[in-house]
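One structure below.
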Protein chains: 12
Amino acid sequence: MIHGPNLGLLGRREPEIYGRTTLAEIDAALQALGSELGLEVRCLQRDGEGEIVSAIGAAPGSVQGILINPAAYTHTSVAIRDALAAVAGMGVPAVEVHLSQTAARDEFRQRSLVAGVCRGTVAGFGAGSYLLGLRGLAALLGEAGA
Amino acid sequence: MIHGPNLGLLGRREPEIYGRTTLAEIDAALQALGSELGLEVRCLQRDGEGEIVSAIGAAPGSVQGILINPAAYTHTSVAIRDALAAVAGMGVPAVEVHLSQTAARDEFRQRSLVAGVCRGTVAGFGAGSYLLGLRGLAALLGEAGA
Amino acid sequence: MIHGPNLGLLGRREPEIYGRTTLAEIDAALQALGSELGLEVRCLQRDGEGEIVSAIGAAPGSVQGILINPAAYTHTSVAIRDALAAVAGMGVPAVEVHLSQTAARDEFRQRSLVAGVCRGTVAGFGAGSYLLGLRGLAALLGEAGA
Amino acid sequence: MIHGPNLGLLGRREPEIYGRTTLAEIDAALQALGSELGLEVRCLQRDGEGEIVSAIGAAPGSVQGILINPAAYTHTSVAIRDALAAVAGMGVPAVEVHLSQTAARDEFRQRSLVAGVCRGTVAGFGAGSYLLGLRGLAALLGEAGA
Amino acid sequence: MIHGPNLGLLGRREPEIYGRTTLAEIDAALQALGSELGLEVRCLQRDGEGEIVSAIGAAPGSVQGILINPAAYTHTSVAIRDALAAVAGMGVPAVEVHLSQTAARDEFRQRSLVAGVCRGTVAGFGAGSYLLGLRGLAALLGEAGA
Amino acid sequence: MIHGPNLGLLGRREPEIYGRTTLAEIDAALQALGSELGLEVRCLQRDGEGEIVSAIGAAPGSVQGILINPAAYTHTSVAIRDALAAVAGMGVPAVEVHLSQTAARDEFRQRSLVAGVCRGTVAGFGAGSYLLGLRGLAALLGEAGA
Amino acid sequence: MIHGPNLGLLGRREPEIYGRTTLAEIDAALQALGSELGLEVRCLQRDGEGEIVSAIGAAPGSVQGILINPAAYTHTSVAIRDALAAVAGMGVPAVEVHLSQTAARDEFRQRSLVAGVCRGTVAGFGAGSYLLGLRGLAALLGEAGA
Amino acid sequence: MIHGPNLGLLGRREPEIYGRTTLAEIDAALQALGSELGLEVRCLQRDGEGEIVSAIGAAPGSVQGILINPAAYTHTSVAIRDALAAVAGMGVPAVEVHLSQTAARDEFRQRSLVAGVCRGTVAGFGAGSYLLGLRGLAALLGEAGA
Amino acid sequence: MIHGPNLGLLGRREPEIYGRTTLAEIDAALQALGSELGLEVRCLQRDGEGEIVSAIGAAPGSVQGILINPAAYTHTSVAIRDALAAVAGMGVPAVEVHLSQTAARDEFRQRSLVAGVCRGTVAGFGAGSYLLGLRGLAALLGEAGA
Amino acid sequence: MIHGPNLGLLGRREPEIYGRTTLAEIDAALQALGSELGLEVRCLQRDGEGEIVSAIGAAPGSVQGILINPAAYTHTSVAIRDALAAVAGMGVPAVEVHLSQTAARDEFRQRSLVAGVCRGTVAGFGAGSYLLGLRGLAALLGEAGA
Amino acid sequence: MIHGPNLGLLGRREPEIYGRTTLAEIDAALQALGSELGLEVRCLQRDGEGEIVSAIGAAPGSVQGILINPAAYTHTSVAIRDALAAVAGMGVPAVEVHLSQTAARDEFRQRSLVAGVCRGTVAGFGAGSYLLGLRGLAALLGEAGA
Amino acid sequence: MIHGPNLGLLGRREPEIYGRTTLAEIDAALQALGSELGLEVRCLQRDGEGEIVSAIGAAPGSVQGILINPAAYTHTSVAIRDALAAVAGMGVPAVEVHLSQTAARDEFRQRSLVAGVCRGTVAGFGAGSYLLGLRGLAALLGEAGA
């Protein structure tokens, strides 16, 4: 699980859009659901585009799949797109999750550079998006659960 | 569950994009998962924009929530958007599902008129999108399951 | 009088935009004003684009003029535009009415495909738009009243 | 009633678009209908954008509502928009009228900067647009008449 | 042969653009040419987008090819596009015909959503477009005649 | 018959798009069909935009109609458009033909500058487009055949 | 001769673009050339859009033709366009002149709203543009001189 | 100090955007700060674009610099831009001030035609923008104060 | 004098736009005016973009200035633009002339690639545009005459 | 005070745009003015978008307000926008400063993603922009000084 | 080696952009480097788009690869693009070279229609671009040298 | 030599686009060619935009020139553009290299923010682009070799 920029503020930042659940609570819920589905879930949060690119590049040989909320970089980062495309070609699928319905927000949030190279997208269920995304990724990896 | 235009052909139509599962199989799986989550799931498929508008308009007082795959109308129908917005204002939330990652396809499929008035979106998991969408809708309705 | 999609929900749907008057009340008011102006007013509501096209196509030889609120189809329907242009060329003028000021709403509601083939437009007076539109149509038909 | 630029030429200017009625005849008809509706109607015509802005700014405390045909400034004047928005916030509603169907004319006439801050719009009925607009404004002011 | 919206008015509607030939006359001519080419031609006209989608969806196993004049839906219907793409993938080719040169008309008629999934296009020959289109379709089906 | 740039390579160039028929074979088939329809067909191929303009300008007084495949110039040449418009005004109609469905190809091939000044268009039938175009032109010239 | 906004500064303002000739010198030269051509030339300079609209509206019955340098309003004024169109329809042709080649300057100076309703345009010859424009207008008025 | 259109309404107009300070209070504060900085400040407010152009044109030889809030004309006036560019070339720099953060408002307020010819811009500090703008202008004029 | 594509048809081609004067008559009038102004005028007409580029490239050392009507290439030819820019840098100025007001015609004729590298432009005076253009060019070359 | 990318080169980099003052000199001047206004000013410079996001995220509880020159990220960083919006919602206002008038530079510098979430903007006064921005921020924080 | 329009003027034309080296000197340098790399280099320069199309069409069977500077046609010629694509499909790769960095110049020079069908591009090294391009082409042809 | 994001995966990532050569092999080849040309080549790879900005900012006084493959940042980074512009103004030229022909790929890869501030560009020759780029840079630095 890769959390993008500003998500460290979750629970305190604009709670009417992003909810009051903290990142630690989401990570705990993901790990609990992972246990249930027979998957180990590792979580990290990074504010830097390059750090996220590096984390994705380190995935092959280390994890089976990527769950990612690229936050603001969803709309601007060709580099993260290229990284996800690269590891997809090396057998590591990704699933994109969003807390809110980005389609209902600003004009510059309409374009997702990342969706086209992810296998699936889940958006709008608040913290629930993460859990649904993990179930979806598990299904893609051939696990039961979705 | 409202299936939009051309989905009656599912399983036979462009299987490299839409998969080989038929609509009847998806409906059965939805009803099975519904039972498990304590929800009754009713399914219908319509090719006509006006018929889908009418079906949505009939929802208040009849169902608790709407799961919808508007297919081609996702990108062109202001009328379906207006219908979903109307019933959302009357207490019936909707969740949008798509078989494929529409973001990775034609230019004219980039714009979703419907997403902005749905509470959540699930795309790209093939028939699995429907099941994840139902779990998400159940969670929104205050049911356990997601 | 042709009412477009979702207008059957009037009075219950997003009342802060569309008001609390129902369609039946509007139709009654139109018929009352029609009597006063010496005109018989027939009303129908349809959710389907094709049904509206057919209703317009049936106008020549049956009615003298058309009062229409195309609702969501205002912005997307070339077919309704073509139908109105066809019957205008056969001597049946149309007047377009809207409950709200569409110009003050979403970007995709800025374009009216229909206005260019209607003789007149009235928008923003709530249910009053219909009555002003009927007066205007009556005047165009050579009746006193506007 | 505020008439915008070039309307002093009415009756002589491009009569196939704007009709042969003169401004004096329109003003007389408005005042007659005003009497009938129990309203006093004051009329002025200005070619200058700034003069129209000033006239609108002088409205609060002096008139109850504004009927305006901004003519060419409809499409270019943010200043008139701001003036109408300002007085609307001070309790003076406005109704926009147009002689012709602007939607059926040049590209640069498609955008109305003014409609979004007017309560209602009437267009395409020639001189009749003014009378319908006055009825609409009267109704908005709580008068009988529409 | 599928005729789209408003074509039932043919012969009476804007004859300077669409000519004076009626739909019945075109259908008779198509059937006559079909006989000559050894093909049975079945004709239907529908105003509804969904009805046309359904008719196309019913084609596989029923007809060998589709001749279609989608009229106004040419420019707005992703659903008809998807239907034609679906049946093309199931072995039923389509040919698009237009009475007029759409390229010489309104801006919003410049885009054809349908052409990209039809095997061929014929436009601008009035009723003759249908006959040339049938010859072209016959040739695509391996028949002599073009 | 005027063949535009690169068509001299026909049969050898990108055969998956343009087919394996050579230009000489197409010209022979056109002349055979011309004989059948009672028309003499003269053919020329030019790579230069100016040469095609000159050939069109020489048409009045020399030929009755023009069959043209402007190839790449379809999308870029205002000069050929002007030439075709000029001779159309002098009584020489033109029909545009294309081997492939240009609508299904690159973005910059979507705009046809030429279609608006041609009487008809035939596209997508490979070498068959030429024969259908000749039939169409013959019909426009008052000949039997379409 | 109507000079638009900021032209009173001519000779002192950005002389590398607009030259060092003053407005008074241009007016004198115009009057001298007018004498030679048998025309009386009246000149005025206005900074206000509305004042220019009024001056144009006063032209019919007073002058035979209008020579105008709308300066900045060339690119923004629909009102001046409407005024020129109105008086053109009343028999008073206009010729537009510019000191500089506006096409070689800022993006927002590329669009001329005025050119489409003027009979002719002369640009880029500095003060000479005025004299060529007067000759052209004289020729349009049936005078010798061009 | 030049105040643009509608600013005479300040304090009464949309106070949630523009605040409750009146223009007279702002002018007094500017003059007080001017005294402190050793500058005489003259203030005027105009609704007309042409009047503002004239006021700017009168600046050289009369004032050392211009502080301007062009209000609505910021987004539409090429004439004011040209006037400011003209006097800048004659040694009179300008500073643009705005009460609100225009960048956070309507789409058509995103473009500033004026900023490019002003030496500096201050926006978003309410009435404080004027005082900061005067300090900035004073600094540009070689005065101490910023 | 360089005449662009299709101008050989002048006098016969769309006379309602281009007039009835032939190219030979224009050339004779130019040479007569040239004599009067003390200039020798050489004229040529070319349909090919490359031929016009070559003619411009041959100008330095051979003629003092270029009068050009690029016709359709005005809107599409970067090559002619580059040629005119190249010879302008070598001391040979150009003046662009047009028979009609291109600004009042098709959308794709709104952009002039050539104007930005010509010293002046004259448009809309029919054959008179050429004579005014020659006077303007003569003035630019330091000759009396404008 | 957060300085964005490349600002470490200040004083040496393109001095005709950015001036010769170094970052150390600006920081010293800010701290001096801060003392005068009773504020402690802490300064840092970062080249990385993620590092700036992290610095902003660390502001609540640590500083009262943020003065930021996002430099190149002004135009591309949704992440910095989101960070500033997040901390604004947590009671830490920001003021954006720019050395140059970005409005007068490249096309891609016209859009500011950051301005909409800052309380105020100061641009174009060189190093003076920082001092004016600090005064403005101090005023927003309820300090005397502007 | 194919040189496009206006390149015959090289060395004399806008030397601050294109340098002072002549075409003959470039051709000599290419032939010298060709000798060194074991390749025979043939050079030609053409101003006409059609002539360049013909030259490319003649390449298969005659040369192994094409080095081309399409100059102005880079941005406008679909015909040259089609020609290069055609011969690429017949085993003749092309490399595009430019003297200057076109990316740093006019807006309409930003689009390269040609790059997409060339194997490689070299730009910005003046006459050196040709030599690097030849080395690159040689490497693509399996020769040593790059 | 600065390698941008994701290039550490070279040889394993999408080899059909980027080839099978690894970054270490490219660096070795560059250093070998550098020795031959009398230049020392230092190589680094960074995923972070800010790290690349810092590396460029450290160039003056340390290296003579920069060879850079900005990869995904080519299309999104104004910060890298600004850094390259800054050091170019301090005497350190840059050359941009790309493995593939970016012009033949996604829409969002069409814009290069970086090219305009690099002296030269080499693209499409796979690993060979680096070697040609180094030769080009060497030539720009006054070394023999290109």
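Basis for what follows: all heavy atoms, side chains included, without hydrogens, waters or symmetry-related copies. Reminder, nothing fancy here: chain letters follow the sequence lines and each chain counts from 1. For clarity, every value in this text was computed on a predicted model and none was experimentally measured.
Evaluation of the side-chain contact (heavy atoms from CB on, under 4.5 Å) rule for Ala88(I) yields no partner, not counting sequence neighbours.
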To see if you've got the definition right, give the donor-acceptor pairs under 3.5 angstrom between chain K and chain I.
{"residue": "Asn6(K)", "atom": "ND2", "partner": "Ala79(I)", "partner atom": "O", "Å": "3.0"}
{"residue": "Asp47(K)", "atom": "OD2", "partner": "Ser54(I)", "partner atom": "OG", "Å": "2.5"}
{"residue": "Arg109(K)", "atom": "NH1", "partner": "Asp82(I)", "partner atom": "OD1", "Å": "3.1"}
{"residue": "Arg109(K)", "atom": "NH1", "partner": "Asp82(I)", "partner atom": "OD2", "Å": "3.2"}
{"residue": "Arg109(K)", "atom": "NH2", "partner": "Asp82(I)", "partner atom": "OD1", "Å": "2.8"}

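Only the side chain of Leu113(I) has a heavy atom closer than 4.5 Å to any heavy atom of chain K.
Of all non-hydrogen atoms in Leu9(K) and Ala86(I), the two that sit nearest each other are CD1-CB, 3.8 Å.
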